[in-house]
Amino acid sequence: DEIRKWVPRALGSNAPPVQVCETLREQPERDGVVIMSFDCATHWTDELARFRVIIVDECHALKTHTSQRSKALLPLLKKAPRAICLSGTPIISRPAEAHALAHALRPRIIGAKRPFEERYCAAHQRFGRWEARGCSNSKELAAILSHTMMLCRRKDQVVQQLLPPKVREVQWVDVPAAAHIWEHHTLKASTNHSSHTSLANNADLNAVYTESGPLKASVVAERVDALLRASQQAKVLIFAHHRLVLDELQRLLAPDWEY
């Protein structure tokens with residue numbers, strides 16, 4: 001759906017359908033759009049070498065030269081006429097972690113690993129070993145990356161383009177049966193010469209939540225049902241602490257709504 005939304009020409013009338021390779025047995029087609037995991041891509045490197053555009057999502061998984069995944073896929077990025085690497089996770093805890101991907105994208109600008117580490121990683125010999133865990137000339141490196149290959153967007157810049165403003169709202173519900181359970185356990189704790197505060201430290205607290213949780217499900221299901229009916233295009237994501245609550249919500253909402 002996202003490909004059809006953002007790159008409609010890639011799915012024209014004569015274009016082959018999008019292929020999703022979920023197992024190593026599924027060989028990528030010669031043409032069209034192919035989506036696969038890192039493991040599948042590592043397995044089918046020869047077939048992927050034919051593609052003119054390679055997009056790597058979560059590219060921070062290729063931040064080292066030594067992993068088998070990097071050894072298989074970084075050469076593909078170097079050979080591809082167009083290579084795009086995407087990541088929402090900062091990978092540069094150390095400048096050394098930037099070299100593998102940066103060199104795959106712009107090898108002439110970044111240069112070999114050893115000179116890169118000497119200039120930007122404060123590399124030196126220590127007890128007979130090569131250490132490149134430091135940082136040097138960081139402003140220069142940042143300028144090179146941002147002017148030649150790296151486009152950085154903060155979350156607030158991207159979300160505003162795709163989603164409406166976030167609204168936070170607390171809705172109180174009246175569940176007399178659940179309140180009765182809390183009153184019962186609180187009274188029991190006070191009878192045992194404990195305060196309400198001590199109930200929070202009591203092992204019975206989990207039992208209170210477990211008993212009262214499913215009793216709230218019917219009220220929550222009514223709110224969710226009303227929200228979905230108000231907008232047929234709405235999607236609801238529900239979190240709950242206890243699985244019993246989720247099971248009860250599923251039972252109540254399943255007859256009318258897909259999940």
Side-chain angles (χ1 to χ4, degrees), residues 1-117 119-121 132 140-154 157-158 161-162:
D1 292 339
E2 293 301 313
I3 294 175
R4 188 174 290 105
K5 175 181 178 181
W6 297 102
V7 195
R9 290 182 297 177
L11 298 177
S13 57
N14 297 325
V18 175
Q19 180 188 8
V20 180
C21 298
E22 298 181 353
T23 67
L24 298 180
R25 295 189 299 272
E26 299 178 74
Q27 181 175 347
E29 301 292 342
R30 297 184 61 88
D31 300 310
V33 178
V34 178
I35 301 173
M36 61 175 55
S37 66
F38 278 113
D39 291 337
C40 291
T42 301
H43 184 74
W44 295 107
T45 52
D46 292 339
E47 286 70 19
L48 294 178
R50 300 190 300 264
F51 287 83
R52 297 183 56 81
V53 179
I54 294 181
I55 301 175
V56 182
D57 193 18
E58 305 293 346
C59 64
H60 53 270
L62 306 178
K63 65 181 181 181
T64 65
H65 288 275
T66 55
S67 69
Q68 294 299 318
R69 180 181 294 174
S70 296
K71 290 179 180 179
L73 300 182
L74 288 177
L76 282 177
L77 297 181
K78 293 180 182 180
K79 295 178 182 178
R82 296 287 185 272
I84 303 172
C85 296
L86 309 174
S87 177
T89 304
I91 66 171
I92 309 178
S93 60
R94 300 184 181 92
E97 296 180 357
H99 183 266
L101 281 169
H103 185 264
L105 295 175
R106 303 298 295 270
R108 294 184 179 180
I109 293 176
I110 297 302
K113 185 171 182 286
R114 181 73 175 241
F116 180 91
E117 291 176 343
R119 182 159 187 82
Y120 301 114
C121 307
E140 177 183 316
L141 177 60
I144 292 174
L145 294 176
S146 60
H147 284 81
T148 61
M149 68 190 78
M150 183 175 70
L151 180 62
C152 181
R153 289 290 182 267
R154 298 191 307 272
Q157 295 174 308
V158 177
Q161 300 173 10
L162 304 177

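This is a predicted model, so every value here is computed, not measured. Numbers here are sequence positions counted from 1.
Here Thr42 pairs with Arg69, Ala72, Leu73 under the side-chain contact (heavy atoms from CB on, under 4.5 Å) rule; sequence neighbours left out. Not counting sequence neighbours, Lys71 has no partner by the side-chain hydrogen bond (donor to acceptor under 3.5 Å, both in side chains) test. Applying the ring-ring contact (aromatic ring centres under 6.0 Å, His included) test to His103 and every residue at least two apart in sequence or in another chain returns His99. Under the side-chain contact (heavy atoms from CB on, under 4.5 Å) criterion, Arg119 pairs with Asn137, Glu140, sequence neighbours left out. By the side-chain hydrogen bond (donor to acceptor under 3.5 Å, both in side chains) test, Thr23 pairs with Glu26, sequence neighbours left out. Shown here are the side-chain contact (heavy atoms from CB on, under 4.5 Å) partners of Glu29, two or more places apart in sequence or in another chain: Gln19. Listed by chain and number, the residues in a side-chain contact (heavy atoms from CB on, under 4.5 Å) with Arg108 amount to none (sequence neighbours excluded). In this structure, Ser146 has no side-chain hydrogen bond (donor to acceptor under 3.5 Å, both in side chains) partners at least two apart in sequence or on a different chain.
Rounding to the nearest 0.5 angstrom, the gap separating the CD atom in Glu22 from the CD1 atom in Ile35 is 10.5 Å. In this structure, the separation between OG1 on Thr148 and CD1 on Ile110 is 6.0 Å, given to the nearest 0.5 Å. Expressed to the nearest 0.5 Å, how far CD1 of Ile109 lies from CE of Met149 amounts to 5.5 Å. In this structure, Leu74 CG and Leu62 CG are separated by 5.5 Å, a value rounded to the nearest 0.5 Å. Rounding to the nearest 0.5 Å places NE2 of His65 at 5.5 Å from NZ of Lys113. Note that CE of Met150 and CG of Leu101 are 12.0 Å apart. Values are rounded to the nearest 0.5 Å.
Nearest approach of Lys63 to Ala100, heavy atoms of both residues: O-CB, 3.7 Å. Pairing each heavy atom of Phe116 with each of Pro95, the nearest pair is CE2-O, 3.5 Å. Nearest heavy atoms, Val34 versus Phe51: CG2-CZ, 3.7 Å. Scanning all heavy atoms of the two residues, the minimum distance from Phe38 to Asp57 falls at CZ-O, 3.3 Å.
The number of heavy atoms from other shown groups lying within 6.0 Å of CZ (Arg50) is above 12. The local environment of NZ in Lys78 is crowded, with over 12 non-hydrogen atoms from other residues, nucleotides or ligands closer than 6.0 Å.
The only option from Cys85, Cys59, Ser70 that meets the side-chain contact (heavy atoms from CB on, under 4.5 Å) definition with Leu77 turns out to be Cys85.
Counting heavy atoms from C-beta on, the side chains of Arg106 and Ile144 never come closer than 4.5 Å.
No donor-acceptor pair closer than 3.5 Å links the side chain of Trp44 to the backbone N or O of Arg25.
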